[in-house]
Amino acid sequence: MPGGYGAGASRQAHPHVRGFRPCGHALKKESIMQRALIADVVHADAPMESVTVMGWVRTKRESKDFAFLEINDGSCLKNLQVVVDAGVPGWEDLPRILTGASIQVRGAVVPSPGKGQRWEVRAQEVAVIGEAGPEYPLQKKRHTDEFLRTIAHLRPRTNKYGALYRIRARLAHAVHQYFHDHGFYLVHAPIITGSDCEGAGEMFQVTTLPLEAVPLEKGAVRYEDDFFGRPASLTVSGQLAAENLACALGRVYTFGPTFRAENSNTPKHAAEFWMIEPEMAFATLADDMDLAEDLVRSMARYALAHCAEDLALFAQFVEPTLMATLENVATKPFVRMPYAEAMEVLGRSGKEFQFPVGFGHDLQTEHERYLTEEYCKAPVIVYDYPKEIKAFYMRMNDDGRTVAAMDLLVPRIGELVGGSAREERLDVLSRRMEELGMPQEEYWWYLDLRRFGTVPHAGFGMGFERLLMLITGVSNIRDVIPFPRTPKHLEF
RNA sequence: UCCCUGGUAGCUCAAUCGGCAGAGCGGGUGGCUGUUAACCACUAGGUUGGCGGUUCAAGUCCGUCCCAGGGAGCCA
């Protein structure tokens, strides 16, 4: 056995955390785990005579008679400095302990005489768990995001990506907490769908038919031979399912994977992403906007309150204006502006836009960025769009030309949230679908909602990765999801 | 998919007008009694993205393909 894990385990089950007082925010597993978490050690409020920690070596600084190891176990951003004196058990293994190796250290937690850390561990025993050779690709100096994407399996071991995925986990938790606290029920919308008109982009087809010999009949695919007996796809939205559940449970939300087969190659699109879709019965567009604003604000507040240490890294190294942005989102009301007014603002902005401005034109990226970054200098909700540029299910306004839709635009990212009041009037919805040439019989269950006890209802979709980009300042969606899926990229 | 910019050592980057392929980090060896991007000395490490062309001579110029990043469209 190459490592000393077995040998090190010879003194397993000793009470290694005597005098241990866990700090407030760290994971508290010490009662069931043999090892202490580095988060708890570096945030300790008293010395400890003996702890056992395990982690990955970030750097080693050697002298003739002693060495410093910095190890990280993912429990927090900070590394733990370990001092190893010549002669302690495991000293002879030090040449095998290069950056990236996993090790186990038993030692005393003592005040550090050096600068840069309050506590350090004076090793009583060091054991190699798994070596990492000199070809280990991560070094302690800075790497580019592009390079780290090529080693997505190892990048969580860097400060930046470790912090990112800790924040991602905590924000996912915060989303569930938020909805739970506001009377929303989580619903699990289907991932595989038979409705090919969910209305939001190209879909990935799901099939068990042999692609090299698809069964044909008069040139057409015999879908009755396919798994479901009809065409099937991965979901592009949980909205239709959420609407049905909302019209029974009142307030619901989905938080699940979403798939778009668009050939988009941009820093804010992925083929597989996670979307949060609340849906409320007995609600108007104003309620919808209130919810979107409060949700985004709450997430910013949660991050500021619960991810301060990790966020500080992004404020320092990734996006210098991050803290100002988050404070702004957390405290100031968002701007709300009807679409028609937004077009007027753009028209008299004096800006030379590449795309035309005026009623009936869609808001382009350049327009969104002007509104939120320059004109409002804050998140802005644009609402009441012309019906022609929005989806069939959005509620017709009394003016007959706009629908009760809203987009929440934020600096740097653009559209973070898109939502609407849903058309609950059967005759209006039916007429609209007819205008668009949609097969109503395929939506019989969706129309049934309007037939039986219909209620005004509203909801929206928020891309979780885009929320993370806002919260962390990271500028590419491929870096806020551990293993991104984009066109021509299915590594890992 | 379109437009722009790139691709040089394991990583981050230099290389003047077309004229000998370089540094830092990382690795190895040796030194150093408190380091923290440790330090000092020595050392190994290259098909300059691929293919073709121009030239006495190509990392550098031309063509083409591949890959990456940014911008745009589509959207969350």
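Chain A is the first sequence line, chain B the second, and so forth, proteins listed ahead of strands; every chain is numbered from 1. Just so it is clear, the values below take in all heavy atoms, side chains as well, and ignore hydrogens, waters and symmetry mates.
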Taking atom [atom1] in both [N] and [M], what distance in whole Å separates the two?
N: B/rA68; M: B/rC11; atom1: P; answer: 16 Å
N: B/rA23; M: B/rC32; atom1: P; answer: 27 Å
N: B/rG28; M: B/rU33; atom1: C1'; answer: 24 Å
N: B/rC13; M: B/rC20; atom1: P; answer: 25 Å
N: B/rC65; M: B/rG70; atom1: P; answer: 23 Å
N: B/rC25; M: B/rA37; atom1: C1'; answer: 9 Å
N: B/rG46; M: B/rA21; atom1: P; answer: 14 Å
N: B/rU16; M: B/rC62; atom1: P; answer: 16 Å

Would you kindly check whether a donor in the side chain of [X] faces an acceptor in the base of [N], or vice versa, at under 3.5 angstrom?
X: A/Ser264; N: B/rC75; result: no
X: A/Arg61; N: B/rC32; result: no
X: A/Arg260; N: B/rA76; result: yes

Base, sugar-phosphate, or nothing: which does [X] touch, judged by heavy atoms less than 4.0 Å apart?
X: A/Ala67; result: nothing
X: A/Lys64; result: base
X: A/Glu465; result: nothing
X: A/Glu120; result: base
X: A/Gly114; result: base
X: A/Arg478; result: sugar-phosphate
X: A/Thr258; result: nothing
X: A/Phe273; result: base

[X] side chain to [Y] backbone, donor-acceptor under 3.5 Å:
X: A/Arg466; Y: A/Glu415; value: yes
X: A/His367; Y: A/Leu363; value: no
X: A/His269; Y: A/Thr266; value: no

TODO: Summarise protein proximity over nucleotides 6-13 of chain B in one line of letters, 5' to 3': B for base, S for sugar-phosphate only, - for none, counting protein heavy atoms closer than 4.0 Å.
DONE: ----BBS-

TODO: Drop me the distance from A/Leu295's CG to A/Phe460's CZ, to the nearest 0.5 angstrom.
DONE: 5.0 Å

Open item on the list: With rounding to the nearest 0.5 angstrom, report the NZ to CG distance, A/Lys140 to A/Asn79.
Closed with: 11.0 Å

Task: Contiguous pairing runs of three or more, Watson-Crick or G-U under 3.5 Å, that involve RNA chain B - done: B:1-7 with B:66-72, B:10-13 with B:22-25, B:27-31 with B:39-43, B:49-53 with B:61-65

Mind calculating the distance between [atom1] ([X]) and [atom2] ([N]) to the nearest angstrom?
X: A/Lys268; N: B/rG70; atom1: NZ; atom2: P; answer: 13 Å
X: A/Lys60; N: B/rG26; atom1: NZ; atom2: C1'; answer: 13 Å
X: A/Glu262; N: B/rA72; atom1: CD; atom2: P; answer: 17 Å
X: A/Asp65; N: B/rC39; atom1: CG; atom2: P; answer: 20 Å
X: A/Ile477; N: B/rC75; atom1: CD1; atom2: C1'; answer: 10 Å
X: A/Leu467; N: B/rA76; atom1: CG; atom2: P; answer: 16 Å
X: A/Phe355; N: B/rC2; atom1: CZ; atom2: P; answer: 16 Å
X: A/Phe68; N: B/rA37; atom1: CZ; atom2: C1'; answer: 16 Å

Task: Side-chain H-bond candidate by donor/acceptor type, A/Tyr253 with A/His176, under 3.5 Å - done: yes

TODO: State whether a side-chain donor-acceptor pair under 3.5 Å links A/Gln177 with A/Tyr302.
DONE: no

Task: Aromatic ring pairing A/Phe147/A/His143, orientation class (parallel under 30°, perpendicular over 60°, tilted between) - done: tilted

Taking distance alone, no hydrogens or angles, what donor-acceptor pairs closer than 3.5 Å link side-chain atoms of residues 379-388 of chain A to residues at least two apart or in another chain?
from: A/Asp384; atom 1: OD1; to: A/Asn397; atom 2: ND2; distance (Å): 3.0
from: A/Tyr385; atom 1: OH; to: A/Asp407; atom 2: OD2; distance (Å): 3.3

- [ ] Hey, could you give me each pair passing side-chain hydrogen bond (donor to acceptor under 3.5 Å, both in side chains) that has a residue in residues 483-492 of chain A? Not counting sequence neighbours.
- [x] none

- [ ] Strictly below 4.0 Å, heavy-atom distances to any atom of RNA chain B: list the hits from residues 363-388 of chain A, or just say none.
- [x] A/Gln364, A/Thr365

Open item on the list: Check whether A/Phe359 forms a cation-pi arrangement with A/Arg401 (NZ or CZ under 6.0 Å from the six-membered ring centre, at most 45° off the ring normal).
Closed with: yes

Open item on the list: Check for me whether A/Arg297 meets the cation-pi criterion with A/Phe334, that is, NZ or CZ under 6.0 Å from the six-membered ring centre and within 45 degrees of the ring axis.
Closed with: yes

TODO: Output all residues satisfying ring-ring contact (aromatic ring centres under 6.0 Å, His included) with A/Phe184, sequence neighbours left out; order by chain, then residue number.
DONE: A/Phe179

Open item on the list: Anti or syn, where syn is a glycosidic angle within 90° of 0; which label fits B/rC40?
Closed with: anti

Task: Closest to side chain of A/Asn265, choosing from B/rG70, B/rA76, B/rU1 - done: B/rU1

Task: Nucleotide of B/rG71, B/rG73, B/rU1 approaching A/Pro267 most closely (side-chain heavy atoms) - done: B/rG71

Task: OP1 or OP2 of B/rA68 under 4.0 Å from side-chain N/O of A/His489 - done: yes

Task: Closest heavy-atom pair and its distance - A/Gly238, A/Ala189 - done: CA-CB, 3.9 Å

Open item on the list: On RNA chain B, does the nearest nucleotide to A/Ser475 precede the nearest nucleotide to A/Ser63 from the 5' side, or the other way round? Give the residue.
Closed with: A/Ser63

Open item on the list: Using heavy-atom distances to pick each residue's nearest nucleotide on RNA chain B, tell me which of A/Val83 and A/Leu98 is more 5'.
Closed with: A/Leu98

Task: Output field: ring centroids A/Tyr443/A/Tyr393 closer than 6.0 Å - done: no

